[in-house]
Asks: 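One structure is given below, represented as structure tokens, and several questions about it will come after.
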Amino acid sequence: MSRSEPVEASNFIRNIVESDLAAGKNDGQVVTRFPPEPNGYLHIGHAKSICLNFGTAERYGGRCNLRFDDTNPVRESEEYAHAIEEDVRWLGYEWDRLCHASDYFDELYEYACQLIREGKAYVDSSSAEEVREMRGTLTKPGTPGPYRNRSVEENLDLFQRMKDGEFDDGEHILRARIDLSAGNINMRDPTLYRIRKVRHVRTGDAWSIYPMYDYTHCVSDAIEGITHSLCTLEFEDHRPLYDWVLDELGTPCHPQQIEFARLSLEYTVLSKRRLIQLVEENHVHGWDDPRMPTIVGMRRRGYTAASLRDFCERIGITKNDAWIEMAVLETCIRDHLNRDAPRRLAVLDPVRVIITSLPENHEQTLTFANHPQDEGAGSRPVPFTREIFIERDDFAEIPPPKYQRLVPGGEVRLRGAYVIRCEEVIKDDAGIVTELRCSHDADTLGKKPEGRKVKGVIHWVSVKHGIPAEIRLYNPLFTLPDPGKADSLVEAINPESEIILTSCVVEPSLSAAAPEEHFQFERIGYFVGDRHDHSKESLVFNRTVTLRDTWAS
RNA sequence: UGGGCCGUCGCCAAGCGGUUAAGGCACCGGGUUUUGAUCCCGGCAUUCGGAGGUUCGAAUCCUCCCGGCCCAGCCA
């Protein structure tokens, strides 16, 4: 069962870190951070960033902080923060320090005063609309407003009073004085502080002004001694500002911001706005719906943390706008579950089979290996009786070409048991098969049948011993590779993304299954006990992913 | 049309002036198999968005062109 770990490719960030290390930069330290805003649940795209940041630190013997970017109290909450902590831990990472941008509000304020004193920041009392107009457009430079040349004293006084709560939201902002004609719009006197008379989860009512991301992030990084500040491509344009702030402030530490491409995964969406829409409009059952690309959703679906980490390693880190096919993700989880998940028998859509050649009360306990390639996984008893259920799909009156399951008059192997032959097909008035009468070859338990080959093998469950279960099948949430490009996101939703089967029958050993326990239901796929709805009294399994199927259906 | 960035196999992705252009996914064979699974073995870019140029030698350097992404929040 030994499978070699995938050969790891290099990536440009590792190359940079390694050459920094070789050059003796940062005293040989590697310090990174994962900086989520606590205003939503983490998704697989965040997992990429988490693996990159924590993984890089781990790889080079460094440290990684978890830092909440809590600079906008109007949209952040503690609930999200807790969920984020749990997700990061579940993914298998532990932070060096748990930080909050709000921890630095005092320093941030002092630094802002420094900028004002040096004439590098000013209070602008224009309205939001005026500021926007004066900023110019992509092709037209901005124009200076009437407040740009206020005296240092006036700026200091105004900023102090903004802090003291003398003004209402929107009355003033603090802006950096950089270059209104810069081609990079981020440099056209960006906003540093805005007035928000809102209670902050951590600082309470202490502040009535809150710092903007661009100003806060670089300073926070510097305070924490971050060496490599890794972020996504859309912040590339912000790097000059990041560097400007730290250069002007003369902070002792000046981290290097490096940008990489965010993840795009086919047949799903990863934008916070769209995920919120799915939840709020009830297109899914919540953030942890197994169809959601959120960490909690994928966890509930049955993805393991290791498979997600493997996925992040396999897709690599570049600056290309890459779209990853679902197949990559599915291969990751199949690989891990194939190795670790015990095998079980479950019939999703049962049809009764009566083995007429067996006595009425025939009952026999068979021993099944839990894993075909791993003896250490042990075995379990599986009861075999005269009446069993098989999968409706595993019988065909008129079989398609190359079909190798049960057909009238034909033979098939019952997994781990005997070879049976279909002698009679019973149907109801509507022509639906209700029962199959079969004979068995008593000399085929654990041995091949004499004088003929039986290619097909099907799974089954004893009617008498089988346990009812609900099984939830999941398919891609969207019918389009890039649902974001659809005219309407809602129209792109796959009506078959969730199929709930309530008449399934599973082998008796599954009555001991725990929530979040993984199994392979032989010939069908990998399943997991639902984290919330599964119990020993009421079995509920989610299909994580199907088995690979190379049979042209 | 201002600024920033990206283009190596169907999808990812190594490569950093001299390699037979790694590897993974997908796909196509073939073998093993009481899961049409797994596993194994083999195939899969005379070519690096295009055209010029520099060089003994270019995916790697230069020029131009083509295609794509991001930016005008008092969001992050």
Asks: Both distances under 3.5 Å, Watson-Crick or G-U wobble: report the partner of rC16(B), or none.
Replies: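 Across all strands, not a single nucleotide pairs with rC16(B).
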Asks: Could you tell me how the ring of Tyr242(A) sits relative to the ring of His217(A): parallel (under 30°), tilted (30 to 60°) or perpendicular (over 60°)?
Replies: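 Ring orientation of Tyr242(A) relative to His217(A): tilted.
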Asks: In the strands shown, is rG29(B) matched to any nucleotide by a Watson-Crick or G-U wobble pair with both distances under 3.5 Å, and which?
Replies: rC41(B)
Asks: Does Arg334(A) offer a backbone N or O that forms a donor-acceptor pair with the side chain of Asn338(A) under 3.5 Å?
Replies: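 No, Asn338(A) side chain to Arg334(A) backbone: no donor-acceptor pair under 3.5 Å.
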Asks: side-chain hydrogen bond (donor to acceptor under 3.5 Å, both in side chains) with His459(A): which of Glu507(A), Glu391(A), Arg415(A), Glu522(A)?
Replies: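 Only one of Glu507(A), Glu391(A), Arg415(A), Glu522(A) forms a side-chain hydrogen bond (donor to acceptor under 3.5 Å, both in side chains) with His459(A), namely Glu391(A).
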Asks: At under 4.0 Å between heavy atoms, what does Arg75(A) touch on the DNA or RNA strands: base, sugar-phosphate, or nothing?
Replies: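 Base, at least one base atom sits under 4.0 Å.
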Asks: Under 4.0 Å between a side-chain N/O of Arg194(A) and OP1 or OP2 of rC75(B), yes or no?
Replies: yes
Asks: With a 4.0 Å cut-off, would you call Arg67(A) and Asp103(A) a salt bridge?
Replies: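 Salt bridge flag = no for Asp103(A) with Arg67(A).
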Asks: Please tell me if Asn320(A) has a side-chain N or O lying less than 4.0 Å from either OP1 or OP2 of rC6(B).
Replies: no
Asks: Of the listed nucleotides (rG36(B), rC74(B), rC75(B)), which one gets closest to any side-chain atom of Ala128(A)?
Replies: rC74(B)
Asks: For Leu138(A) and rU1(B), give me the distance from atom CG to atom C1', rounded to whole Å.
Replies: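 It works out to 10 Å between those atoms.
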Asks: Give the rounded distance in Å between these two atoms: CD1 of Ile315(A) and P of rC12(B).
Replies: 11 Å
Asks: Any N or O donor-acceptor pair linking the side chain of Arg334(A) to the base of rU38(B) at under 3.5 Å?
Replies: no
Asks: For the C1' atoms, the ones on rC74(B) and on rA14(B), what distance do you get once it is rounded to whole angstrom?
Replies: 44 Å
Asks: When you measure from the side chain of Ile173(A), which nucleotide among rG36(B), rC74(B), rA76(B) comes out closest?
Replies: rC74(B)
Asks: Hey, does the side chain of Thr139(A) come within less than 4.0 Å of rU1(B)'s phosphate (OP1/OP2), counting only N and O?
Replies: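 False: Thr139(A) side-chain N/O out of range (4.0 Å or more) of rU1(B) OP1/OP2.
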Asks: Among rC11(B), rG36(B), rU35(B), which nucleotide sits nearest the side chain of Glu325(A)?
Replies: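 Per side-chain heavy atoms of Glu325(A), the pick is rC11(B).
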Asks: With syn defined as a glycosidic angle within 90° of 0 and anti as everything else, classify rG73(B).
Replies: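 Nucleotide rG73(B) adopts syn.
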Asks: Please determine whether a side-chain nitrogen or oxygen atom of Lys448(A) lies at a distance below 4.0 Å from atom OP1 or OP2 of rU34(B).
Replies: yes
Asks: Side chain of Asn184(A): nearest nucleotide among rU38(B), rG3(B), rC75(B)?
Replies: rG3(B)
Asks: Can you tell me if Ser10(A) touches the phosphate of rA14(B), counting only side-chain N or O atoms and a distance under 4.0 Å to OP1 or OP2?
Replies: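 No, Ser10(A) has no side-chain N/O under 4.0 Å of OP1/OP2 on rA14(B).
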Asks: How far does the C1' atom of rU20(B) sit from the matching atom of rG29(B), given to the nearest Å?
Replies: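 Roughly 23 Å separates the two C1' atoms.
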Asks: Which is true for Glu259(A) with a 4.0 Å heavy-atom rule: it touches a base, it touches only sugar-phosphate, or it touches nothing?
Replies: nothing
Asks: Quick one: look up who rC75(B) pairs with, Watson-Crick or G-U, both distances under 3.5 Å, and put none if it's unpaired.
Replies: none
Asks: Glu391(A) has an atom CD; how far is it from atom P of rG36(B), in whole Å?
Replies: 12 Å
Asks: Is Lys447(A) touching bases, backbone alone, or none of the nucleic acid, heavy atoms closer than 4.0 Å?
Replies: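 The answer is base, as Lys447(A) lies within the cut-off (heavy atoms under 4.0 Å) of a base atom.
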Asks: Give me the distance, rounded to whole Å, that separates rU47(B) from rG10(B) when you measure between the P atoms they each carry.
Replies: 13 Å
Asks: Look at the side chain of Met212(A) and decide which nucleotide, out of rU34(B), rC74(B), rC25(B), has an atom nearest to it.
Replies: rC74(B)
Asks: Could you please name the partner base of rC69(B), counting Watson-Crick and G-U wobble pairs only when both distances are under 3.5 Å?
Replies: rG4(B)
Asks: Is the distance between the ring centroids of Tyr41(A) and Tyr80(A) under 6.0 Å?
Replies: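 Yes, the ring centres sit under 6.0 Å apart.
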Asks: Please classify the nucleic acid contact of Ile317(A) as base, sugar-phosphate, or nothing, using heavy-atom distances under 4.0 Å.
Replies: sugar-phosphate
Asks: Taking the minimum atom-to-atom distance to the side chain of Ala327(A), which one of rC74(B), rA26(B), rA37(B) wins?
Replies: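 Within the option list, the nearest is rA26(B).
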Asks: Counting only side-chain nitrogens and oxygens, does Arg523(A) get under 4.0 Å of the OP1 or OP2 atom of rG36(B)?
Replies: yes
Asks: With P as the reference atom in both, quote the distance from rG50(B) to rU55(B) in angstrom, rounded to an integer.
Replies: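 23 Å, rounded to whole Å.
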Asks: Whole Å only: how far is the CD atom of Glu234(A) from the C1' atom of rG73(B)?
Replies: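 It works out to 14 Å between those atoms.
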Asks: Roughly how far apart, to the nearest Å, are rA13(B) and rG23(B) at atom C1'?
Replies: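 These two C1' atoms come out 8 Å apart once rounded.
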Asks: Remember a base hit wins even if backbone is also touched, and classify Arg405(A) as base, sugar-phosphate or nothing at under 4.0 Å, heavy atoms.
Replies: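 Answer is base: heavy atoms of Arg405(A) come under 4.0 Å of a base.
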Asks: Could you pick out which residue, Glu236(A) or His217(A), lies toward the 5' side of RNA chain B when each is mapped onto its nearest nucleotide?
Replies: Glu236(A)
Asks: What is the separation between atom CD1 on Ile276(A) and atom P on rA76(B), rounded to the nearest whole Å?
Replies: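 Rounded to the whole Å, the gap is 15 Å.
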Asks: At under 4.0 Å between heavy atoms, what does Thr444(A) touch on the DNA or RNA strands: base, sugar-phosphate, or nothing?
Replies: base
Asks: Would you please indicate if the ring centroids of His200(A) and Phe105(A) are separated by under 6.0 Å?
Replies: yes
Asks: If I pick the C1' atom on rU63(B) and the same atom on rG2(B), what distance separates them, to the nearest angstrom?
Replies: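 Their C1' atoms lie roughly 23 Å apart.
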Asks: Please pick, from rC25(B), rC74(B), rC12(B), the nucleotide with the shortest atom-to-atom distance to any side-chain atom of Thr191(A).
Replies: rC74(B)
Asks: Between Asn15(A) (CG) and rA22(B) (P), how many Å, whole number?
Replies: 19 Å
Asks: Are Asp393(A) and Arg523(A) ion-paired here, with the side-chain N under 4.0 Å from a carboxylate O?
Replies: no
Asks: For Thr550(A) and rA37(B), is the shortest distance between a side-chain N/O and OP1 or OP2 below 4.0 Å?
Replies: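 For rA37(B), OP1/OP2 do have a side-chain N/O of Thr550(A) under 4.0 Å.
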Asks: Can you check whether Thr71(A) has a side-chain N or O nearer than 4.0 Å to OP1 or OP2 of rA76(B)?
Replies: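 The answer is yes; a side-chain N or O of Thr71(A) sits under 4.0 Å from OP1 or OP2.
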Asks: In whole Å, I'd like the distance from the OH atom of Tyr210(A) to the C1' atom of rG73(B).
Replies: 18 Å
Asks: Would Lys197(A) and Glu171(A) pass as an ion pair if we require N to O under 4.0 Å?
Replies: no
Asks: Rounded to whole angstroms, how far apart are CZ on Phe12(A) and P on rG7(B)?
Replies: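 One finds 10 Å between P of rG7(B) and CZ of Phe12(A), rounded.
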Asks: Remember a base hit wins even if backbone is also touched, and classify Asp237(A) as base, sugar-phosphate or nothing at under 4.0 Å, heavy atoms.
Replies: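 Base contact.
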Asks: Measuring only the P atom in each nucleotide, how far is rU38(B) from rU46(B)? A whole number of Å is fine.
Replies: 29 Å
Asks: Whether the side chain of Arg548(A) and the base of rG36(B) hold a donor-acceptor pair under 3.5 Å is what I'd like checked.
Replies: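 Donor-acceptor pair under 3.5 Å: no.
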Asks: For rG73(B), does OP1 or OP2 lie under 4.0 Å from any side-chain N or O of Arg135(A)?
Replies: yes
Asks: Would you classify Pro372(A) as touching base, sugar-phosphate or nothing, given that sugar-phosphate means primed atoms plus P, OP1 and OP2, and contacts are heavy atoms under 4.0 Å?
Replies: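 Here Pro372(A) touches the bases of the nucleic acid.
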Asks: If you only use heavy atoms from C-beta on, which nucleotide in rG36(B), rA13(B), rA37(B) is closest to the side chain of Thr318(A)?
Replies: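 Nearest to the side chain of Thr318(A) among the choices is rA13(B).
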Asks: Given that both distances must come in under 3.5 Å, which nucleotide forms a Watson-Crick or G-U wobble pair with rU63(B)?
Replies: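 Base partner found: rA51(B).
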Asks: Where does the angle between the aromatic ring planes of His46(A) and His43(A) fall among parallel (under 30°), tilted (30 to 60°) and perpendicular (over 60°)?
Replies: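 Ring orientation, 0 to 90° scale: tilted.
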Asks: Mind checking the P distance from rA26(B) to rC39(B)? Whole angstroms is fine.
Replies: 10 Å
Asks: Check whether the ring centres of Tyr215(A) and Tyr193(A) lie less than 6.0 Å apart, and answer yes or no.
Replies: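 Yes: the rings meet the under 6.0 Å criterion.
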Asks: Of Ser126(A) and Tyr418(A), whose closest RNA chain B nucleotide lies nearer the 5' terminus?
Replies: Tyr418(A)
